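Below: the structure, in structure tokens.
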Number of protein chains: 2
Amino acid sequence: MISKPTLDTVAAEAGVSRATVSRVINGSPRVSPEVKVAVETAIAALGYVPNRAARSLAMRRTDSIALVMREPDATVLNDPYLGNIIIATSQTLIGTGVQLVLVNAQNTAEHAQLADYVRSGHVDGVLLASMHDDDPLPRLLLEAGIPTVVGGRPSRPMPGLSYVDVDNVGGAQLAAERLLASDRRRIATIAGPQDMTAGIDRLSGYRLALSNTGRKADRVAYGDFTRESGQQAMTALLARHPDLDAVFVANDLMAIGALRSLRDAGRRVPDDVAVVGYDDIDMARHTEPPLTTIHQPIVDQARTMTELLLTQIGGDPVADPVVLPTVLVERESA
Amino acid sequence: MISKPTLDTVAAEAGVSRATVSRVINGSPRVSPEVKVAVETAIAALGYVPNRAARSLAMRRTDSIALVMREPDATVLNDPYLGNIIIATSQTLIGTGVQLVLVNAQNTAEHAQLADYVRSGHVDGVLLASMHDDDPLPRLLLEAGIPTVVGGRPSRPMPGLSYVDVDNVGGAQLAAERLLASDRRRIATIAGPQDMTAGIDRLSGYRLALSNTGRKADRVAYGDFTRESGQQAMTALLARHPDLDAVFVANDLMAIGALRSLRDAGRRVPDDVAVVGYDDIDMARHTEPPLTTIHQPIVDQARTMTELLLTQIGGDPVADPVVLPTVLVERESA
DNA sequence: TGAACCCATGAGAGCGCTCTCATGCCCGTT
DNA sequence: AACGGGCATGAGAGCGCTCTCATGGGTTCA
């Protein structure tokens with residue numbers, strides 16, 4: 001491989017000094033038009049590309065951010081959520097000149113290491129996806145003064161932490177209201193685990209909608225967000241409340257299980273029982289019948305997170321948390 | 001933020017020279033045990049972490065590789081394939097000290113740019129996921145002498161290009177044999193687009209299996225890998241060959257469409273018509289009935305690609321292409 | 001006992017870039 | 001005509017690390 005041209009090569013070719021070439025590259029206004037053209041010509045002729053490492057050494061800035069994820073093991077592999085976050089983030093970065101570095105921090109031991117890593121100036125900021133409640137990472141980063149944006153609301157409020165959440169309460173409310181609007185009166189819900197903010201918030205959104213119309217939100221069963229648990233919960237619900245005519249299921253995977261349970265019980269969807277799910281995963285489009293569900297703006301979330309991080313890196317003060325609205329996707333199950 | 005410790009800080013603390021600290025960090029054997037301990041103590045005390053940019057400047061090596069993807073737009077977002085590749089790659093990299101940099105090269109204009117980017121020494125090697133046939137990128141990288149590994153077989157053979165493919169021919173054969181083994185005799189197939197290696201190879205694997213038992217592989221319909229096209233193809237097949245008792249569908253999405261078409265036509269699966277899909281996407285587990293399909297070793301593929309790339313970066317000669325075996329996942333549709 | 005050698009260690013020169021500061025030219029002003 | 005100011009440009013000092021080469025003390029062998 002021919003040795004790559006450096007700033008000096010370009011400077012020699014253009015007949016100017018290294019500093020001037022640097023000015024042209026960085027768009028400094030203090031360069032005469034003729035010189036600018038000469039330098040640009042030389043750059044093009046030599047196929048020069050700045051060396052990122054050298055630049056970052058000199059600037060104390062890396063122009064790259066880390067996307068940290070936890071436990072991306074087989075369980076999560078099937079979940080398109082992370083993949084979408086990753087891809088959306090990388091899309092947002094197009095044209096900004098900022099690199100996306102993927103970091104896997106699975107166990108706690110890796111966390112201190114990760115904090116070191118980040119602190120050592122490898123990246124200018126950190127995006128935290130798929131957080132856990134007990135995660136020490138946000139605090140570590142916050143204390144280290146590293147620009148950080150978290151996806152999802154932390155269970156305990158952390159002043160100074162910027163995060164982008166999705167409106168789980170509002171989404172669940174939307175779902176319940178949809179059921180009420182179609183004259184369903186004996187509504188039940190399959191709630192998610194109550195140790196996750198998503199599970200908690202969706203249940204309270206559901207309760208809110210019912211109580212707004214003066215209804216009690218009894219008829220609740222719980223699942224753990226897996227299809228199997230949804231199926232079981234639905235079966236239990238049918239046993240306890242045979243007359244129910246609608247269910248709000250706190251995620252699509254459980255809704256798919258519920259659909260199966262309903263079919264097994266001979267109930268027609270939506271004629272006998274209306275079903276609304278949550279997440280709008282790809283599969284929701286292909287169920288029988290296609291699932292009416294709440295769309296999560298994952299792509300927007302990733303985009304917003306990235307934008308917040310970039311402005312924070314740019315020196316702006318830490319932005320207030322952002323909560324993104326959800327949207328009802330009407331298909332055929334309700 | 002307190003200014004970060006550098007090599008000099010550590011050297012002063014340990015009472016040795018910068019060079020010695022560097023030796024300790026890089027595990028050089030030419031360091032006395034006492035000094036080594038002293039240095040390590042100093043490092044720990046100061047919380048020193050080497051600056052990656054400086055190191056990479058001096059070493060002309062970045063310890064990071066790029067994962068390049070094409071067109072990760074909305075279409076692909078729903079496809080867990082890319083996400084799985086990304087995550088599996090990042091998992092393989094854990095503990096190697098190598099960084100994963102995600103690069104989005106959507107249009108051709110970005111390709112030259114990308115080649116420059118890579119050539120400028122930002123990464124030590126490149127992983128190419130989701131290739132297109134007309135992609136000039138592999139050639140560019142190959143010519144630039146940059147270690148590169150491609151996912152999937154390039155349509156035109158490129159000497160010196162290392163790639164990891166999945167055995168589409170063998171997988172399709174497996175699927176057809178499964179159908180034959182369960183005494184299906186009037187077998188049809190819904191093939192994929194014949195301008196993609198996956199589409200071509202799966203059809204020829206299917207043909208191979210049939211001809212091995214002296215059968216003709218007529219009864220072929222074509223789709224474009226979307227669910228809708230699968231549904232249409234199945235309907236067409238049913239119209240042309242009302243007596244068919246089995247179908248091999250070249251991907252799961254089309255198989256889901258086929259399932260729907262069969263249900264609409266009042267055929268029971270697998271009693272009347274057995275169905276085998278291809279890909280083993282997550283959804284295949286949740287269809288009615290759950291889909292028997294061919295599992296793609298995506299995770300293995302990503303892992304193998306990464307390993308090949310790392311050895312190539314390490315100076316080993318370009319490895320021969322690897323073709324990974326597929327596996328039949330028996331569920332209930334066949 | 002001295003020559004030859006080995007090995008741990010230090011000094012210092014880059015790696016390619018940015019940035020501060022000095023320089024010198026050209027302009028306007030009085 | 002002399003002077004000050006503005007502006008384009010160049011010189012040079014780092015940024016933090018690695019690596020070559022020099023150095024010097026200890027060992028070994030004749």
Side-chain angles (χ1 to χ4, degrees), chain A residues 1-40 42-43 46-64 97 116-117 119-124, chain B residues 1-40 42-43 46-64 97 116-117 119-124:
Chain A
M1 181 158 49
I2 309 131
S3 74
K4 295 162 232 155
T6 72
L7 254 201
D8 278 304
T9 326
V10 178
E13 170 88 13
V16 298
S17 78
R18 215 170 50 232
T20 302
V21 179
S22 176
R23 286 191 188 95
V24 172
I25 290 172
N26 295 295
S28 157
R30 316 195 143 289
V31 182
S32 69
E34 314 86 67
V35 171
K36 187 166 180 230
V37 169
V39 170
E40 282 168 348
I43 289 179
L46 295 166
Y48 168 76
V49 187
N51 177 312
R52 195 180 196 98
R55 169 183 297 209
S56 120
L57 219 209
M59 309 236 300
R60 284 90 167 287
R61 196 160 53 84
T62 63
D63 280 332
S64 59
D116 279 347
Y117 167 80
R119 210 165 349 166
S120 82
H122 294 186
V123 294
D124 299 336
Chain B
M1 180 158 48
I2 310 131
S3 73
K4 295 162 234 154
T6 72
L7 254 200
D8 278 305
T9 327
V10 177
E13 171 87 9
V16 297
S17 77
R18 215 171 50 233
T20 302
V21 178
S22 176
R23 287 192 188 95
V24 171
I25 291 173
N26 294 297
S28 158
R30 318 195 143 288
V31 184
S32 69
E34 313 86 68
V35 171
K36 187 171 180 218
V37 170
V39 170
E40 282 167 348
I43 289 179
L46 295 166
Y48 168 76
V49 188
N51 177 311
R52 197 181 193 94
R55 170 182 296 210
S56 119
L57 218 209
M59 306 235 304
R60 282 90 168 288
R61 196 159 53 85
T62 63
D63 281 330
S64 59
D116 279 348
Y117 167 78
R119 210 166 350 170
S120 84
H122 294 186
V123 293
D124 300 335

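Naming: A, B, ... by sequence-line order, numbering from 1 per chain. The model shown is predicted, which means the values in this text are computed figures rather than measured ones.
Using modelled atom types, one side-chain atom of A:Arg52 and one backbone atom of A:Asp63 make a donor-acceptor pair closer than 3.5 Å.
For B:Leu57 and C:dT18, the CG to P distance is 11 Å, given to the nearest whole Å. Atom CG in B:Asn26 sits about 17 Å away from atom P in D:dG16, given to the nearest Å. For the pair B:Asp8 CG and D:dC15 C1', the computed distance is 11 Å after rounding to whole Å. Distance A:Asp63 CG to C:dC17 C1': 13 Å, rounded to the nearest Å. For the pair B:Ile25 CD1 and D:dC17 C1', the computed distance is 9 Å after rounding to whole Å. Distance CZ (B:Arg52) to C1' (D:dT18): 16 Å, rounded to an integer number of Å.
If you find the closest nucleotide of DNA chain C to B:Arg60 and to A:Met59, the one lying nearer the 5' end belongs to B:Arg60.
A:Val10 and A:Leu46 get closest at one heavy-atom pair: CA-CD1, 3.7 Å.
With contacts defined as side-chain heavy-atom distances shorter than 4.5 Å, the pair B:Leu7/B:Ile25 qualifies. For the pair A:Glu13 and A:Val21, the minimum side-chain heavy-atom distance is 4.5 Å or more.
Here the CG-OG distance, from B:Asn51 to A:Ser56, works out to 6.5 Å after rounding to the nearest 0.5 Å.
Contact check, A:Asn51 against C:dC15: no side-chain N or O comes under 4.0 Å of OP1 or OP2.
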Check the interface with nucleotides 5-11 of chain D: list each N/O to N/O pair with the protein under 3.5 Å, or write none.
{"from": "D:dA8", "atom 1": "OP2", "to": "A:Arg30", "atom 2": "NH1", "distance (Å)": "3.2"}
{"from": "D:dT9", "atom 1": "OP1", "to": "A:Ser32", "atom 2": "OG", "distance (Å)": "2.9"}
{"from": "D:dT9", "atom 1": "OP2", "to": "A:Ser32", "atom 2": "N", "distance (Å)": "2.9"}
{"from": "D:dT9", "atom 1": "OP2", "to": "A:Ser32", "atom 2": "OG", "distance (Å)": "3.4"}
{"from": "D:dG10", "atom 1": "OP2", "to": "A:Ser17", "atom 2": "N", "distance (Å)": "2.8"}
{"from": "D:dG10", "atom 1": "OP2", "to": "A:Ser17", "atom 2": "OG", "distance (Å)": "3.1"}
{"from": "D:dG10", "atom 1": "OP2", "to": "A:Thr20", "atom 2": "OG1", "distance (Å)": "2.7"}
{"from": "D:dG10", "atom 1": "O6", "to": "A:Arg23", "atom 2": "NH2", "distance (Å)": "2.6"}

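B:Ser17 is linked by a side chain to side chain donor-acceptor pair (under 3.5 Å) to B:Thr20, counting only residues two or more places apart in sequence or in another chain.
With C:dT18, D:dT18, C:dG16 as the candidates, the nucleotide lying closest to the side chain of A:Ser22 is C:dT18.
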